[in-house]
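See structure below.
If you're wondering where the values come from, they're calculated on a predicted model, not measured in any experiment. Chain letters run A, B, ... following the sequence lines, proteins first and then strands; every chain starts at 1.
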Amino acid sequence: MKKFSLTHPHHDMFATERKWLCDTMYISWIFSMATTIVWFRNCLRLHDNLSLLEASKSENVVCLFMFTPSVYNSNYMGINRFQFLLESLQDLQTQLRKKYNGDLILVKTNSSYRKAFETLLKSNASIKKIVYEYDSTPYAKKRDESIKNFVHKEFPDVKFLSFQGHTLTDLDKVVNQKGFKNPSNTKMMIKLMLNEYGKSSKSSGINIPAPLNAPLKLKFNSNLVHEIEKMDDSITVLKKVPELHELNDVFGDEFKDIDVEAIKKHSYFKGGETEALRRLREKVLDNADFVCNFEKPKTSCVPSSESMFREPSTTGLSPYLAAGCLSVRMFWDAVDKSYQTKKHVKVDNLTVSLYGQLLFREMFYILNEAIGEKFSQNTKSNPAITKYIDWNEQDPVLLQAWKDGKTGYPFIDALMRQMKATGWMHHLGRHAVSCFLTRGQMFQNWTYGRDVFDRLLIDSDYSLNTGNWLWLAGIAPYSMPYFRVYSPCPEETKKSALNFNKGGNEFIRYWVPELANFPTKYLTKPWECPVSAQKMYGVIIGKDYPKPIVERKNTNLEKFRVNLMENRLKTPHTSPPSKKQKL
DNA sequence: GGATCCGTTGTAGCT
DNA sequence: AAGCTACAACGGATC
């Protein structure tokens with residue numbers, strides 16, 4: 001039996017009016033009281049920011065960034081990425097002030113995010129909603145889930161909402177598509193994207209939703225900052241975005257040994273949305289020739305001339321995508337627009353085009369979402385996902401030499417030193433050094449290299465980093481013939497896939513100054529230079545620059561092949577794969 | 001259902 | 001000089 005209720009519409013002639021009254025009162029109460037916190041982590045931008053748009057519905061907004069020990073732990077975040085983060089925060093704060101007469105509140109705490117939220121929520125009853133961008137790294141997933149559960153339990157009136165804006169697709173939705181299979185190449189990605197968004201007449205052929213504009217208006221709650229200042233000592237408000245050299249005072253010993261001048265001297269990219277949009281215009285919107293002719297494998301890991309040392313042959317937009325200074329939908333849209341200015345230009349190889357690059361990015365995110373933590377684990381327990389290889393026992397001497405750029409292979413060392421100094425390395429350079437560490441010369445576990453990249457690169461992006469390392473180690477759940485090994489001395493190959501000939505020698509001379517005056521003939525293999533000549537050039541190999549720390553000749557291919565055969569999940573084919581026989 | 005083709009970016013040696 | 005071949009694993013798509 002249903003309960004009979006006076007308020008049931010059929011029995012209550014004033015129900016509509018009453019509901020209207022209640023709604024009005026509720027809305028006016030919300031408008032006068034409720035505060036929404038926009039919790040910035042990634043997504044350091046105003047455009048295409050779903051959390052900010054959600055907050056714009058609220059009368060009182062607080063934009064918040066929290067420095068916790070997990071942010072300023074230099075074990076996880078290299079100094080260049082930290083500098084990039086600070087610049088991005090500075091830009092965000094400036095923009096919020098200019099555009100909305102608002103602010104970005106920066107707080108510092110020595111406790112966890114969860115504890116910080118507890119302090120905030122306990123002391124201010126007007127906080128009704130916390131919004132943030134979804135972060136799919138395993139660490140962030142666990143952290144956000146735990147805070148969410150805590151808030152639900154302890155503060156049931158407060159909504160804790162995430163929005164997906166870091167990727168082209170809603171990752172949850174995609175991996176739950178009917179008939180979803182882990183994508184492993186461009187074709188599967190296009191199919192998946194068409195399934196999600198449908199066709200379009202634009203050059204990409206996929207109807208990716210356009211990026212959203214920044215909210216027109218935001219009303220800020222300026223009281224909260226004063227309240228935070230009165231709270232307990234565990235949480236403090238920073239008066240301004242700190243400079244790198246001030247971090248030692250603010251955070252303790254983490255940054256005591258940094259060389260600020262060196263970082264500023266080498267940095268290629270200034271952080272922030274403003275710079276991201278400027279670069280997008282310069283490299284994509286105003287550069288249709290470059291966009292329409294872009295072929296990733298033809299770009300070079302070395303600069304084309306000395307004057308170009310600071311400018312990559314690609315777009316250089318990856319650091320901005322990683323920190324969310326640039327929305328990936330904004331990037332896609334700009335590529336579309338650029339193609340449109342060239343009528344009748346067809347994308348003849350989508351895979352190597354800029355579209356392709358963004359699809360690979362998406363693919364790695366989707367794989368991470370679908371596979372979970374095992375995506376990045378080097379374990380025998382899940383060989384269906386990554387092929388298992390018994391890498392050589394960890395060799396600290398080899399690993400340290402690789403990390404410090406002291407392997408005795410000038411090309412490899414130049415690339416590693418560039419990454420350490422600038423926080424950036426071209427994609428093909430990353431291929432060269434990761435191949436060298438794993439199946440190429442050192443046969444060391446790829447996870448070591450992955451972690452070094454994660455810390456040092458300013459564009460480090462968990463899913464992309466992991467996906468690319470799996471690829472280069474030759475164990476990815478997608479195509480990568482293991483016998484395609486890059487030469488660490490690429491000048492000797494007639495047609496290097498690394499495009500070394502586009503300035504490789506100058507690149508080595510710049511980053512390995514020990515060899516600045518060494519003869520070009522021996523520049524990538526200095527150990528072959530006769531000792532008498534070494535004396536003449538004033539560089540003794542083994543003293544002024546190391547001898548090669550591992551064999552140049554690749555002896556690992558056979559080991560790799562045997563590993564694959566022994567450790568593969570599925571039973572071998574009953575008959576060997578057919579081969580064309582010579583007559 | 002079986003054969004065949006394909007996969008963002010290799011290198012060395014030969015003609 | 002450009003183009004071929006050997007090296008040769010394997011899952012998924014296509015016919």
Side-chain angles (χ1 to χ4, degrees), chain A residues 179-192 194-195 293-302 313-314 347-364 367 383-389 411 425-436 438-441 464 467-468 470-502 524 552-583:
Chain A
F180 171 83
K181 262 183 214 162
N182 288 346
S184 59
N185 57 38
T186 322
K187 238 181 200 170
M188 288 174 86
M189 275 308 294
I190 291 172
K191 207 172 153 185
L192 184 151
L194 286 175
N195 199 7
N293 295 315
F294 187 89
E295 288 178 55
K296 188 61 170 283
K298 286 192 179 163
T299 62
S300 174
C301 59
V302 294
S313 58
T314 46
V347 189
D348 59 28
N349 185 350
L350 194 128
T351 305
V352 297
S353 75
L354 285 175
Y355 290 124
Q357 309 314 303
L358 296 178
L359 287 179
F360 277 109
R361 176 181 187 274
E362 197 73 12
M363 182 173 103
F364 293 139
L367 287 170
I385 286 154
T386 60
K387 299 157 194 166
Y388 184 80
I389 299 293
F411 179 55
M425 193 200 299
H426 184 275
H427 187 67
L428 290 174
R430 301 182 197 192
H431 276 215
V433 301
S434 51
C435 186
F436 186 87
T438 56
R439 72 205 148 85
Q441 274 72 26
L464 277 64
N468 278 307
L470 289 175
W471 190 311
L472 264 299
I475 55 174
Y478 25 86
S479 157
M480 172 62 220
Y482 67 84
F483 46 85
R484 289 186 186 169
V485 175
Y486 293 95
S487 168
C489 311
E491 97 301 340
E492 69 189 20
T493 60
K494 241 186 291 177
K495 229 179 85 181
S496 163
L498 301 165
N499 298 320
F500 180 88
N501 55 357
K502 297 182 179 176
T524 65
R552 153 88 175 83
K553 194 172 164 10
N554 191 305
T555 52
N556 292 320
L557 272 189
E558 182 57 18
K559 206 166 16 172
F560 197 99
R561 193 185 69 81
V562 171
N563 258 267
L564 276 187
M565 299 290 277
E566 283 174 356
N567 294 325
R568 74 178 154 192
L569 178 68
K570 295 207 169 172
T571 49
H573 290 281
T574 43
S575 59
S578 62
K579 273 189 209 172
K580 277 176 196 163
Q581 297 293 325
K582 269 190 178 172
L583 289 174

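On the C1' atoms, dA9(C) is 23 Å away from dG13(B), given to the nearest whole Å. The gap from the C1' atom of dA13(C) to that of dG1(B) amounts to 14 Å, rounded to the nearest Å. Distance noted for atom P between dT8(B) and dG3(C): 23 Å (whole Å). Taking the P atoms as reference points, dG10(B) lies 22 Å from dA1(C), given to the whole Å.
Closest contact between the side chain of Met188(A) and the listed nucleotides dA8(C), dG12(C), dG7(B) involves dG12(C). Candidate nucleotides dA8(C), dG7(B), dT9(B) were compared by shortest atom distance to the side chain of Asn185(A), and dG7(B) ranks first. Taking every side-chain heavy atom of Leu564(A) into account, dA9(C) is the closest of dA9(C), dT8(B), dT9(B).
When rounded to the nearest whole Å, the span between CZ of Arg484(A) and P of dT9(B) equals 5 Å. For Ile190(A) and dT8(B), the CD1 to C1' distance is 12 Å, given to the nearest whole Å. Rounded to an integer number of Å, the gap from Met189(A) CE to dG12(C) C1' is 16 Å. Regarding Lys181(A), its NZ atom lies at a distance of 4 Å from the P atom of dA13(C), rounded to whole Å. If you take NZ of Lys298(A) and P of dG10(B), they are 13 Å apart, rounded to a whole angstrom. The separation between His431(A) atom NE2 and dT9(B) atom P is 9 Å, rounded to whole Å.
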- prompt: Given Watson-Crick or G-U pairs with both distances under 3.5 Å, what dot-bracket string fits DNA chain C, with | for other-strand pairs and [ ] for crossing?
  reply: .||||||..||||||

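Among all heavy-atom pairs drawn from Ile190(A) and Leu359(A), the shortest one is CG1-CD1, 4.0 Å. Smallest separation of non-hydrogen atoms from Pro183(A) and Leu192(A): CG-CD1, 4.3 Å.
In this structure, the separation between OG on Ser313(A) and NZ on Lys296(A) is 9.0 Å, given to the nearest 0.5 Å.
Side-chain contact check for Val302(A) versus Asn499(A): every heavy-atom pair is 4.5 Å or farther apart.
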Scan nucleotides 11-15 of chain B against the protein and return all N/O pairs shorter than 3.5 Å with their distances rounded to 0.1 Å.
unit_1	atom_1	unit_2	atom_2	d
dT11(B)	OP1	Ser487(A)	N	2.8
dT11(B)	OP2	Ala497(A)	N	2.8
dC14(B)	N4	Lys494(A)	NZ	3.2

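Between the Arg430(A) side chain and the Met425(A) main chain, a donor and an acceptor come within less than 3.5 Å of each other. A distance-only check finds no donor-acceptor pair linking the side chain of Asn556(A) to the backbone of Lys559(A) [under 3.5 Å].
Listed pair Lys187(A) / dT14(C) fails the phosphate criterion, with no side-chain N or O lying under 4.0 Å from OP1 or OP2.
Using a 4.0 Å heavy-atom cutoff across all strands shown, Glu295(A) reaches no nucleic acid atom at all.
Ring pair Phe500(A)/Phe411(A) is perpendicular by interplanar angle, where above 60° counts as perpendicular and below 30° as parallel.
Residues meeting the side chain to side chain donor-acceptor pair (under 3.5 Å) test with Thr186(A), sequence neighbours left out: Thr351(A).
With hydrogens and angles left out, the side-chain atoms of His426(A) and Thr299(A) include a donor and acceptor closer than 3.5 Å.
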